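Just so you know, these numbers come straight off a predicted model, no measurement behind them.
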Amino acid sequence: MVSEVDQKFIQILFNELGEARQVAQLRRLREKAVCMVTRLAAEAELLAFDHVPDDSGVQVPAGGVELGETPAEAASRECREETGRTGFGAPLYLGSAVWINAEHQKREMRHFFRLAAPAGLPETWDHCADEHLFRFRWVPLSNPKLDWNFDAFLPTGVIQ
């Protein structure tokens, strides 16, 4: 376990899903699945989005783990719901991070998963879900410029 402290947030990293889930339960942290959707174009790319019209930062698909659902199942569901697309690869666990942000009253255990993008996804598209408009685009995996510490576990190695 590695720890990092900042004025706005506290982040503790885990490499084992079971340990992360135990800590989430003990600390009453909301569990979230974070989807790192990747593809190989001219270089490895990551799917990111902006909320339109508000400016809540560059993010990746993510959402709460529902009762009776595993974090991997939540990653698959959230990816479908937020992108409006199907055919993503099976979620591959990357790691988990406690994310506490007092300013926004967030107490979360974020479980990060890599999902391979299906063939044929466009360069950009809009999708409305949960009363939000998501504007999707591909960003370089080497420098995605994500907000809200969604870059705690960026995929590495071979990207397909």
Run the salt-bridge test on [X] and [Y] with the 4.0 Å N-O cut-off and return the result as yes or no.
X	Y	value
D126	R135	yes
R77	E81	yes
R137	E123	no

Minimum side-chain heavy-atom gap [X]-[Y] below 4.5 Å:
X	Y	answer
V23	M109	yes
M36	L94	yes
R114	P91	no

Within the side chain of [X], is there an N or O that forms a donor-acceptor pair under 3.5 Å with the backbone of [Y]?
X	Y	value
E73	T70	yes
R30	R110	no
Q59	S56	yes

For side-chain contact (heavy atoms from CB on, under 4.5 Å), just list the numbers for F112 and Y93, CA-CA rounded to whole Å, side-chain angles, deciding distance to a tenth of an Å, and then say yes or no. CA-CA 6 Å; F112 291 77; Y93 178 69; over 6 Å; no

Given the rule in the side-chain contact (heavy atoms from CB on, under 4.5 Å) test, do L146 and L46 qualify, once you have shown the distances and angles that lead to the verdict? CA-CA 10 Å; L146 299 176; L46 179 70; 3.9 Å; yes

Mutual orientation of the aromatic rings belonging to W99 and W148 [parallel < 30°, tilted 30-60°, perpendicular > 60°]: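 W99 and W148: perpendicular rings.
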
Got a second to check how far [X]'s [atom1] is from [Y]'s [atom2], nearest 0.5 Å?
X	Y	atom1	atom2	answer
H132	H51	NE2	NE2	6.0 Å
L29	I12	CG	CD1	8.5 Å
L67	E31	CG	CD	11.0 Å

If hydrophobic clusters are built from ILVMFWY residues whose side chains come within less than 4.5 Å, do V139 and L115 share one?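 No, separate clusters.
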
Between L13 and L17, is there shared hydrophobic-cluster membership here, with clusters defined by ILVMFWY side-chain heavy atoms closer than 4.5 Å?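 No, because L13 and L17 fall into different hydrophobic clusters, even though each may have its own neighbours under 4.5 Å.
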
Determine the sole option in T124, L121, T83 for which the side chain to side chain contact (heavy atoms under 4.5 Å, CB included) test with F136 is passed.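 Answer after filtering T124, L121, T83: T83.
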
If I compare all heavy atoms of E45 with all of W138, which pair ends up nearest, and what's the gap?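 Minimum heavy-atom contact is OE1-CB, 3.7 Å.
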
Between L141 and E43, is a side-chain contact (heavy atoms from CB on, under 4.5 Å) present by the stated rule, with each step listed? CA-CA 8 Å; L141 183 58; E43 64 178 305; over 6 Å; no

Any side-chain donor near an acceptor of the partner, H111 and S96, under 3.5 Å: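 Yes - a donor-acceptor pair under 3.5 Å links their side chains.
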
Decide side-chain contact (heavy atoms from CB on, under 4.5 Å) for V58 and F49; before the verdict, give the C-alpha distance in whole Å, the side-chain angles of both, and the deciding distance to 0.1 Å. CA-CA 6 Å; V58 180; F49 69 84; over 6 Å; no

